[in-house]
Amino acid sequence: MECREAARSRATSQHSDASRHPVLGPGSPSTAFQAFRNGRSRDPKRPSRSASRETPVAHHVLDMPANEAEIRALRIGDTVTLRRWLFGIRDATLIHMFDRDRRTRLDLAGHAVIHTAPNVHRVAPSPEAPVGYAPFCIGTTTSMRMERFTEALMEREGVRLIVGKGGMGPATLKAFAERGGAYLAIVGGAAALETTWIERIEDVDMDDLHPESLWRFAIRDFGPLLVGMDSHGGSLFAEVQRDVAARRDAVMASLEDAR
């Protein structure tokens with residue numbers, strides 16, 4: 001239980017302080033996101049990214065499932081804590097669901113999915129492990145590989161939120177705008193802390209794909225997570241890419257001038 005227990009004592013004190021831990025713990029490498037949340041630009045000559053927001057940065061607590069209005073209230077830079085239920089999904093799950101038209105008996109409408117293939121232990125079924133699995137280490141994988149499935153996941157299954165690492169692209173942003181969705185970001189290396197927020201594995205489907213099964217987790221205050229993409233066309237990931245491209249162009253121009 002190393003992954004599950006190692007962070008439990010420190011997670012207890014960290015967990016309640018959303019302002020100190022906006023993206024799963026202090027000292028996050030996501031400096032661009034931190035700068036956005038704190039209302040400042042990394043470059044003092046540039047205006048704050050949050051200056052264009054019509055509403056201040058907010059923290060939201062969502063008892064899942066959520067409705068469209070609750071999701072459309074989220075804006076990039078906000079933070080979110082999820083309660084009750086979270087579904088684990090990954091590449092193989094999505095390929096079987098949409099490329100091979102497999103249907104799940106689990107109801108995903110209004111819910112959040114997290115991109116994961118969890119490490120679990122086989123145990124005797126009990127109230128703490130209804131389907132005979134206990135969470136051991138539940139981390140997050142890079143989301144961009146699953147970009148092509150977002151529209152179908154929202155249209156057919158009714159998913160509202162995607163929790164993942166590294167962000168997603170324009171097809172996902174378009175689906176969020178049309179159907180009311182958002183992306184909640186997790187930084188790499190946070191699996192130990194995430195696992196403490198999973199109370200039990202409540203159900204599992206497509207377990208022939210194990211560990212890329214479709215998991216239903218009972219969760220305890222999963223977050224705070226950072227809203228990295230929203231239903232209003234906002235994407236912190238796209239902003240970072242534009243910022244990096246502009247800085248690259250400026251460096252290349254300065255090198256040309258120096259010749």
Side-chain angles (χ1 to χ4, degrees), residues 18 21-24 28 30 32-34 36-37 49-50 52-90 94 107-116 140-188 190 194 197 217 219 221-242:
H21 311 285
V23 200
L24 291 172
S28 164
S30 305
F33 297 168
Q34 295 283 14
F36 182 96
R37 177 164 175 76
R49 289 191 177 102
S50 60
S52 62
R53 286 178 58 106
E54 297 177 357
T55 57
V57 171
H59 182 66
H60 307 258
V61 178
L62 298 179
D63 291 308
M64 305 306 291
N67 60 44
E68 183 176 349
E70 289 175 304
I71 303 305
R72 291 199 182 274
L74 307 179
R75 298 277 184 159
I76 55 171
D78 287 353
T79 55
V80 175
T81 295
L82 302 176
R83 289 179 175 169
R84 299 185 66 207
W85 308 112
L86 177 64
F87 289 82
I89 203 165
R90 195 162 162 162
L94 291 163
D107 183 5
L108 305 182
H111 282 285
V113 297
I114 183 170
H115 290 149
T116 185
T140 312
T141 191
T142 303
S143 298
M144 194 62 194
R145 301 190 309 272
M146 290 161 272
E147 167 86 350
R148 69 185 180 93
F149 296 110
T150 302
E151 170 68 22
L153 192 60
M154 297 185 72
E155 179 182 15
R156 194 181 89 182
E157 302 297 337
V159 167
R160 288 285 179 196
L161 293 170
I162 294 175
V163 182
K165 182 174 66 177
M168 302 184 80
T172 291
L173 201 60
K174 181 175 181 288
F176 286 165
E178 292 176 352
R179 300 188 177 277
Y183 182 90
L184 307 181
I186 292 181
V187 298
E194 291 173 63
W197 302 340
F217 304 123
I219 56 174
D221 291 344
F222 198 97
L225 310 173
L226 183 73
V227 179
M229 301 169 69
D230 63 28
S231 62
H232 308 281
S235 171
L236 292 179
F237 306 97
E239 290 189 6
V240 169
Q241 289 174 347
R242 287 192 293 268

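Throughout, numbering of the chain's residues begins at 1 and tracks the sequence.
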field: Heavy-atom closest contact (Ser143 atom, Gly167 atom, distance)
entry: CB-O, 3.8 Å

query: Roughly how far, to the nearest 0.5 Å, is CG of Leu108 from CD1 of Ile89?
result: 6.5 Å

- prompt: Does the side chain of Val163 come within less than 4.5 Å of Tyr183's, by heavy atoms?
  reply: no

- request: Compare every heavy atom of Leu74 with every heavy atom of Ala182, then report the nearest pair and how far apart it is.
  value: CB-CD1, 4.1 Å

message: Contact between Leu153 and Leu94 at the side-chain level, heavy atoms closer than 4.5 Å - yes or no?
response: yes

field: Pairwise distance CG(Leu184) to NE2(His60) - rounded to 0.5 angstrom
entry: 10.0 Å

- prompt: Would you say Glu147's side chain and Thr172's backbone share a donor-acceptor pair under 3.5 angstrom?
  reply: yes

statement: In short, Met154 meets Val159 closest at the heavy-atom pair CG-O, 3.5 Å

task: Quick one: pull up CZ in Phe176 and CE in Met229 and give me the separation to the nearest 0.5 Å.
output: 5.5 Å

message: Quick one, Arg179 with Glu155, criterion side chain to side chain contact (heavy atoms under 4.5 Å, CB included). Give me CA distance, side-chain angles, the key distance, then yes/no.
response: CA-CA 8 Å; Arg179 300 188 177 277; Glu155 179 182 15; 3.5 Å; yes

Arg84: partners by side-chain contact (heavy atoms from CB on, under 4.5 Å), with sequence neighbours left out: Asp63, Pro65

task: To the nearest 0.5 Å, tell me how far Met168 CE sits from Phe149 CZ.
output: 10.0 Å

task: Go through the steps to decide whether Val227 and Thr79 satisfy the test side chain to side chain contact (heavy atoms under 4.5 Å, CB included), and finish with yes or no.
output: CA-CA 6 Å; Val227 179; Thr79 55; over 6 Å; no

- line: Per side-chain contact (heavy atoms from CB on, under 4.5 Å), Phe222 is matched among Thr81, Val80, Ile114 by Ile114

query: Atom CD of Glu178 and atom CG of Leu173: how far apart are they, to the nearest 0.5 Å?
result: 10.5 Å

message: Looking at Ala58, is its backbone amide N or carbonyl O close enough to the side chain of Asp78 to form a donor-acceptor pair, meaning the two atoms are under 3.5 Å apart?
response: yes

query: Considering only heavy atoms from C-beta outward, does the side chain of His111 approach that of Trp85 to under 4.5 Å?
result: yes

field: Set of salt bridge (Lys or Arg N to Asp or Glu O under 4.0 Å) partners for Arg72, sequence neighbours left out
entry: Glu68

- prompt: Judged by modelled atom types alone, do Thr140 and His115 share a side-chain donor-acceptor pair under 3.5 Å?
  reply: no

- request: Could you tell me which residues satisfy side-chain contact (heavy atoms from CB on, under 4.5 Å) with Arg145, sequence neighbours excluded, listed by chain and number?
  value: Arg90, Asp91, Thr141, Thr142

- prompt: Just wondering, do Ile71 and Leu161 contact through their side chains at under 4.5 Å, heavy atoms?
  reply: yes

- prompt: Any side-chain heavy-atom pair from Leu236 and Leu226 closer than 4.5 angstrom?
  reply: yes

message: So, taking the atom named CD1 in Ile219 and the one named CG in Leu86, what distance separates them when rounded to the nearest 0.5 Å?
response: 5.0 Å

query: Does Arg160 come within less than 4.0 Å of Glu70, counting only side-chain N to carboxylate O?
result: no

